[in-house]
Amino acid sequence: MATIGTAAAWRRIPGIATTALSGLSFLNFFSTAALPPFSSSSTGTTSPHPILNLLQEEARSPRRRADLLALHALALTSGLLRHPFPASRLVDVLLRPGAAGDPAHAAAVFDSLDSPDAYTWNAVLAAQVRRGGPPADALGLYFRMRSAGAQPPDGYTFALVAKACSSPGCGVGIGREVHGQVVKCGMEALLVVRNSLMRMYCGIGLLNFARQLFDETPLSCLDSISWNTMISSYGKSGDVPAARGLFDRMPSRNLFSWSAMTDGYVANAEYSQALVLFNEMQGRGFRPDAVVLVSVLKACAHLGALDQGRWIHLYAERNKLGLDVNPVLGAALVDMYCKCGYLDVALQVFDATHDRDVVLWNVMISGLAMHGHGKGALELFRRMREHGVVPNGSTFLGILRACSHVGLVDEGRETLRSMQDHHVKPQREHYGCLADLLGRAGLLEEAEEVIRAMPMEPQAAQWGALMSACRMHKNVEMGERIGKHLISLEPQDGGRYVLLANVYAEAGRWEDAREMRRAMEEMGVKKEIGCSFVEWNGTIHEFIVGDKSHPQTGKIYAMLSEMEKKLQMVGYVKDTSQLLIEMGNEEDKEIALSYHSEKLAIAFGIINIGRGTPIRVVKNLRVCRDCHTYAKLISKIYRTEIIVRDRNRFHLFRDGSCSCRDYW
DNA sequence: GTAGGGTTAG
């Protein structure tokens, strides 16, 4: 207490020298002489002290730094700071998020307090947690509070400490320590504290500990926060059945519950289930808010569910959910339109937003990349910098992918080089993207050099990019070497064997190709099954190779043979070169090829979707060369647009050609 | 102070 009120204390507060003048004018306006003395009754609701009023007001709406300093000055010169209550309020105000104060300023006031109360300690702890430092710092503060001894910690204290110790980096030890302290202070029955501990264990990844706490609590004592915390954490950890089990059992659900469960499905790629749940939620009278919509939009984006996505767009506009100012909602919507093939609508939505953060820009850049607009992506990147938005690693990934899709080799090299100018360190993925770009362009040696020279150990994904390039450019020597390395890295991935087998087969090395087939059998691995989705009438229809489970199967196969006849008239010949030589004769190969999932999906689209509407197909793997030629011709013969999103990018087939210009 | 959200990775 010794230094407070002296010039020395003032100087300890950063910025005071330059702004004191403004503080003094504030003082003149509100003369200290007129201020009543502070007494314990001054905290009452009937006639709170005027400075306390100002402090409360300040807490509600933070003002300029000069005002904050003036307030401090006023509290100081009127002697108010000698009383712990207003002093603690000042610390609180200085630490508020968004306040113009700073930690050093607050610390100076805090250090001057004789025995801060629990409220003040909590304010300091909260600020510490907000800063997100190591958990040890928060725990240290907690132990300082305990050893100061004047005030015992309360529920808030433990909620804060638990929050600070809930990152995945925290071990069992820290979690147990916090829990132990809660028990020691007799706080374990307090529901806020229990919920905080559950949240902490979930955050650390110790779901069983959280569940134990949950199960030990009598049902009547649990609140929706307890349930929702568990549901959300199970969902995030990949245990959808456990999440759903609790969701079905909970006595009363609120919007958070539906939201957490929906997102659990989305996080585990159960997109159709997410849509089902979303519809059920509305059936029960819950009005979705922006957060729920973001989850559902993500599901729509993955499924290519444009109708549902458009409905959400309309809903968000009608209900004023702040599309233009909520960058998260904006990004989800833009991404959905991009992934459903509607780049121009995505651009419109993007242009209509005015609170654009880095992710929103990234989404738009990746969207352009996906659609093969390399130059457009580079142009958007230029605009992004003009707006003063700082690019991050994902931004550069988007740009590299954009370059890759259109073969902008020089721009790609320059992009990777320029990352250091933006203080972004290239990661494996960046080198992989560049290798992919160089490989596609036929610069196989340079691509390999990029992978070998990267400062970290290359992984299968990077070698895989090179392997695809070897296949594309029929480089058997490099393909064999890289292919074998890949198989040794990931012996369980069937795709690796298939790729090498194809490289051998194309070089006429049939015996080696068959050997790959045998190796696959020995390892008991299978190739991932191709699967395509089409949306029709608001429902997603799914097809796998040779699928006969769809209700319209008869019509679809009839359509396929009709289509094939028409194709043959324009000179179409099946391209079997990309098929694994697992089948004995050419005839079997041709049949297998005829029933690739995207062909079934296209036939379904021709039957059901009106000519003015594009047929939109989402495929889990990459489109094979034969299906690509097929789709081009079909788009001409049937005068329809076909939009195929494969694992890598978009193909817009129109009038016999594709937007990728056969570069993919 | 305790519950739900967006990009990318070949």
Side-chain angles (χ1 to χ4, degrees), chain A residues 119 122-123 125-126 129-130 154-164 166 190-200 202 223-233 235-236 253-264 266-267 288-298 301 326-336 338-339 357-367 369-370 392-401 404 427-437 439-440 447 451 459-469 486 495 499 622 647-649:
Chain A
Y119 181 101
N122 290 343
L125 198 50
V129 175
R130 265 198 305 278
D154 58 13
Y156 286 77
T157 315
F158 287 111
L160 287 162
V161 173
K163 191 190 176 93
S166 62
L190 215 62
L191 190 60
V192 225
V193 175
R194 276 185 105 78
N195 285 342
S196 299
L197 287 176
M198 283 182 218
R199 172 75 197 76
M200 175 190 74
C202 288
D223 64 3
S224 63
I225 295 179
S226 334
W227 288 90
N228 294 340
T229 301
M230 293 307 303
I231 291 169
S232 155
S233 303
K236 284 192 174 66
R253 302 178 192 129
N254 59 18
L255 194 58
F256 282 81
S257 325
W258 289 93
S259 173
M261 193 60 234
T262 307
D263 200 57
V266 173
D289 66 0
V291 178
V292 182
L293 295 187
V294 166
S295 283
V296 182
L297 279 169
K298 195 171 171 177
N326 181 343
V328 180
L329 184 55
L333 198 59
V334 168
D335 189 49
M336 184 279 294
C338 285
K339 290 196 172 135
D357 62 5
V358 63
V359 179
L360 184 49
W361 285 96
N362 291 353
V363 168
M364 198 63 249
I365 288 172
S366 311
M370 248 189 288
N392 61 21
S394 303
T395 317
F396 289 102
L397 268 182
I399 298 167
L400 284 166
R401 276 171 60 85
S404 173
Q427 302 298 312
R428 280 194 183 86
E429 292 80 7
H430 298 98
Y431 294 104
C433 269
L434 182 61
D436 180 68
L437 162 59
R440 276 174 207 278
I451 297 176
Q459 290 172 345
Q462 290 83 51
W463 293 119
L466 187 57
M467 185 61 193
S468 300
L486 260 173
L499 216 47
R622 301 203 46 197
R647 175 177 277 199
N648 219 24
R649 59 164 297 153

Which part of the nucleic acid, if any, lies within reach of [X] when heavy atoms closer than 4.0 Å are counted: base, sugar-phosphate only, or nothing?
X	answer
Arg401(A)	sugar-phosphate
Val193(A)	nothing
Val363(A)	sugar-phosphate
Ala290(A)	base
Asn648(A)	nothing
Gln462(A)	sugar-phosphate
Gly398(A)	nothing
Asn326(A)	base
Asp289(A)	base
Leu333(A)	nothing
Leu293(A)	nothing
Ser224(A)	base
Gly235(A)	nothing
Asp357(A)	base

Item to complete: Ignoring hydrogens and angles, tell me if any N or O in the side chain of Ser366(A) forms a donor-acceptor pair with the backbone of Asn362(A) under 3.5 Å.
Response: yes

Worksheet item: In Å and rounded to the nearest 0.5 Å, what is the CG to CG distance from Leu293(A) to Leu333(A)?
Response: 9.5 Å

Worksheet item: Does Arg647(A) have any side-chain hydrogen bond (donor to acceptor under 3.5 Å, both in side chains) partners at least two apart in sequence or in another chain, and if so, which?
Response: Glu528(A)

Not counting sequence neighbours, which residues clear side chain to side chain contact (heavy atoms under 4.5 Å, CB included) with [X]? List them please.
X	answer
Asp263(A)	Val266(A), Ser295(A)
Ala159(A)	Ser196(A)
Leu397(A)	Glu429(A), His430(A), Cys433(A)
Val363(A)	Ala331(A), Val334(A), Asp335(A), Val359(A)

Item to complete: Check every nucleotide of DNA chain B for an atom under 4.0 Å from a heavy-atom of chain A, then give the first and the last such nucleotide from 5' to 3'.
Response: dG1(B) to dG10(B)

